[in-house]
Enquirer: 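Dumping the structure here so I can ask a few things about it.
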Amino acid sequence: MLFRHLVLIISTLMVANAAWSANLPPREKFKRPDSIPAPLSNPLTLEKATLGKTLFFDQRLSRSGGMACATCHSPDQRWSDGRTLPLQAEGVSNARRTPTVLNSAWLSALMWDGRATTLEAQAVLPITTAHEMNFDLASLVGRLQQIEGYRPLFTQAFGDDSISQQRITQALASFQRTLVSNIAPFDRWVAGDEEAISESAKRGFAVFNDKNKANCVACHSSWRFTDDSFHDIGLPSKDLGRGAKVPAQVTLMQHAFKTPSLRDLSIDGPYMHDGSIRGLKTVIKHYKSEAIQRESLSKDMQKFELSDLEESDLIAFIQSLDGGALKIQAPMMPE
Ligand code: HEC
Ligand code: HEC
């Protein structure tokens, strides 16, 4: 009798569980791609990426000789800097938080306002920006030509040892394309391992996708959890973001910033273009009810309510997108 009861309870549980799984939104939409994209004009090779890695960590790419790309995009800080605003940003109007360069191979719009469209073009900006590396490309080429140890690296990457702006930016872009998020528990679940994430994270996945609940997926879509588009989510910052790049009549672009990926987030922030929010609980609080109501506010920013359980489920889901730090071996600096 007891046995029959147990069987009944277990099978009822299994049916309930199956029904629950069947109700989950499809996971395939979030499946990782199998290969890294690269433009035809700059095919990805190991040799170019190796040169690019050396350049990325080399402080001699800055005028002062004291700042590398890796100073702000550090492997120990999820390829960002862990700061609210970057080094040397004091007094810079509309200074913005350093984004990660993880998964940048897939970016179609770079920078918070999308002002660069390729990694190759983007690489020029930090080198030449006054409050960043403050150098110019011609002087940089001259400086690298004096460093004997760079010659074999350029030769392996490009066939001869001539150094140019184009080769520098192609190598930097190639290295960054190799920086791809580690497999996260969520990816193993998408691949069919039911045990890979907690029941709480699975429920959080549903909340994330539910139009009548958090509806985060309206903007944080695809395997990188971004639509690569720009939205005003109602933060108080005075920065117009994309709005400063387009005519003022384009209402929805005022105060709009690029949707960041939700993979491998730093545990506690700082989050957002201005580093103004710390902690995922505070992020969710913002989305629930605190967005500034203005004309430019995205139509997908509807207020919503979540129970405490739904909220902790949502956080458990976002944490399941963390594949852990992508560590690499720092390169030797050529002399
Ligand atoms: C002083 C800190 C600092 C340094 C040094 C720096 N960056 Fe950045 N990086 C930033 C900030 C801040 C942004 C965002 C700027 C914005 O959107 O206005 C950014 C944006 C980027 C992006 C765009 C990412 C995205 O999601 O759109 C890439 C790629 C990038 N940097 C690569 C590099 C490379 C390559 C170098 C070296 C040549 C470099 N950075 C040096 C702070 C830095
Ligand atoms: C209308 C589109 C939209 C919706 C809906 C949306 N987001 Fe965002 N999200 C963005 C944009 C755009 C930013 C960057 C905003 C900025 O910095 O000005 C962002 C930033 C974030 C960040 C900070 C990431 C970082 O690296 O700084 C987190 C975390 C986040 N969103 C989580 C969520 C969650 C959770 C939900 C659902 C409750 C959600 N988002 C709903 C567009 C959206």
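Remember, predicted model here, so these are calculated numbers, not experimental data. Whatever order the structure lists ligands and atoms in, that order sets their numbers, starting from 1.
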Enquirer: Apply ring pair (Phe, Tyr, Trp, His ring centres under 6.0 Å) to H273 and list each qualifying residue two or more places apart in sequence or on a separate chain.
Expert: F257
Enquirer: Can you tell me how far the CG atom of L119 sits from the CH2 atom of W106, to the nearest 0.5 Å?
Expert: 11.0 Å
Enquirer: Is it the side chain (CB and beyond), the backbone, both or neither of H220 that lies under 4.0 Å from ligand 2, heavy atoms counted?
Expert: side chain
Enquirer: Suppose I only count heavy atoms of L265 and a 4.0 Å limit; which atoms of ligand 2 are within that range?
Expert: 26 (O), 29 (C)
Enquirer: Given that the side chain starts at C-beta and the backbone is N, CA, C, O, which of these parts of I318 lies under 4.0 Å from ligand 2, counting heavy atoms, or is it both or neither?
Expert: side chain
Enquirer: For E120 and N42, which I'm curious about, is there any donor-acceptor pair between the side chains at under 3.5 Å?
Expert: yes
Enquirer: Can you establish whether the number of heavy atoms outside K288 located under 6.0 Å from its atom NZ is more than 12?
Expert: yes
Enquirer: Any side-chain donor paired with an acceptor under 3.5 Å for S298 and D232?
Expert: no
Enquirer: Specify side chain, backbone, both or neither for D232, according to which of its non-hydrogen atoms lie closer than 4.0 Å to ligand 2.
Expert: neither
Enquirer: Side chain, backbone, both or neither: which applies to Y287 and ligand 2 if a contact is any heavy-atom pair less than 4.0 Å apart?
Expert: side chain
Enquirer: Using a 4.0 Å cutoff against the non-hydrogen atoms of N215, which atoms of ligand 2 qualify?
Expert: 5 (C)
Enquirer: Run K202 and E199 through salt bridge (charged side-chain N to carboxylate O under 4.0 Å, His left out) and show every step you take.
Expert: CA-CA 5 Å; K202 290 177 198 170; E199 291 306 312; 3.0 Å; yes
Enquirer: For side chain to side chain contact (heavy atoms under 4.5 Å, CB included), just list the numbers for I315 and I318, CA-CA rounded to whole Å, side-chain angles, deciding distance to a tenth of an Å, and then say yes or no.
Expert: CA-CA 5 Å; I315 291 176; I318 294 173; 5.7 Å; no
Enquirer: Spell out, yes or no, whether L265 and F30 are grouped together once hydrophobic residues are joined by side-chain heavy atoms under 4.5 Å, including indirect joins.
Expert: yes
Enquirer: I'd like a table of the close N/O pairs between ligand 1 and the protein (anything under 3.5 Å), one pair per line with both atom names and the distance.
Expert:
| from | atom 1 | to | atom 2 | distance (Å) |
| --- | --- | --- | --- | --- |
| ligand 1 | 7 (N) | H73 | NE2 | 3.0 |
| ligand 1 | 9 (N) | H73 | NE2 | 3.1 |
| ligand 1 | 17 (O) | W112 | N | 2.8 |
| ligand 1 | 18 (O) | R115 | NH1 | 3.0 |
| ligand 1 | 18 (O) | R115 | NH2 | 3.2 |
| ligand 1 | 26 (O) | K258 | NZ | 3.1 |
| ligand 1 | 27 (O) | M111 | N | 2.6 |
| ligand 1 | 27 (O) | K258 | NZ | 2.6 |
| ligand 1 | 31 (N) | H73 | NE2 | 3.0 |
| ligand 1 | 31 (N) | Q122 | NE2 | 3.2 |
| ligand 1 | 40 (N) | H73 | NE2 | 2.9 |

Enquirer: Measuring to atom 8 (Fe) of ligand 2, does C216 have an N/O/S atom at a distance below 2.8 Å?
Expert: no
Enquirer: Rounded at 0.5 Å granularity, tell me how far CD in Q59 sits from SG in C69.
Expert: 11.0 Å
Enquirer: Any idea which heavy atoms bring L24 and A206 closest together, and the distance?
Expert: CD2-CB, 3.7 Å
Enquirer: Under 4.0 Å from a heavy atom of L235: give me the atoms of ligand 2 that qualify, with their elements.
Expert: 16 (C), 17 (O), 18 (O)
Enquirer: Between R27, R263, R224, which is the residue that forms a salt bridge (Lys or Arg N to Asp or Glu O under 4.0 Å) with D187?
Expert: R263
Enquirer: Does T259 bring an N, O or S atom to within less than 2.8 Å of atom 8 (Fe) of ligand 2?
Expert: no
Enquirer: Under 4.0 Å from a heavy atom of D300: which atoms of ligand 2 are those, numbered in the order shown and with their elements?
Expert: 1 (C), 5 (C)
Enquirer: Does even one non-hydrogen atom of F230 get within less than 4.0 Å of ligand 2?
Expert: no
Enquirer: Looking at R63 and D136, is there a salt bridge between them, counting it only when a charged N and a carboxylate O are closer than 4.0 Å?
Expert: yes
Enquirer: Which of the numbered atoms in ligand 2 are below 4.0 angstrom from a heavy atom of C219?
Expert: 1 (C), 2 (C), 3 (C), 4 (C), 5 (C), 42 (C), 43 (C)
Enquirer: Verify salt bridge (charged side-chain N to carboxylate O under 4.0 Å, His left out) between D76 and K327, making sure each step is shown before the conclusion.
Expert: CA-CA 7 Å; D76 298 330; K327 299 271 184 200; 3.4 Å; yes
Enquirer: Counting heavy atoms only, which part of F225 comes closer than 4.0 Å to ligand 2: side chain, backbone, both or neither?
Expert: neither
Enquirer: Show me which atoms of ligand 2 lie under 4.0 Å from any heavy atom of L262.
Expert: 28 (C), 29 (C), 30 (C), 32 (C)
Enquirer: Provide the number and element of each atom of ligand 2 under 4.0 Å from a heavy atom of S298.
Expert: 1 (C)
Enquirer: Any sub-3.5 Å donor-acceptor pair from R32's side-chain atoms to S181's backbone N or O?
Expert: yes
Enquirer: What atoms of ligand 2 come within less than 4.0 Å of a heavy atom belonging to F304?
Expert: 38 (C)
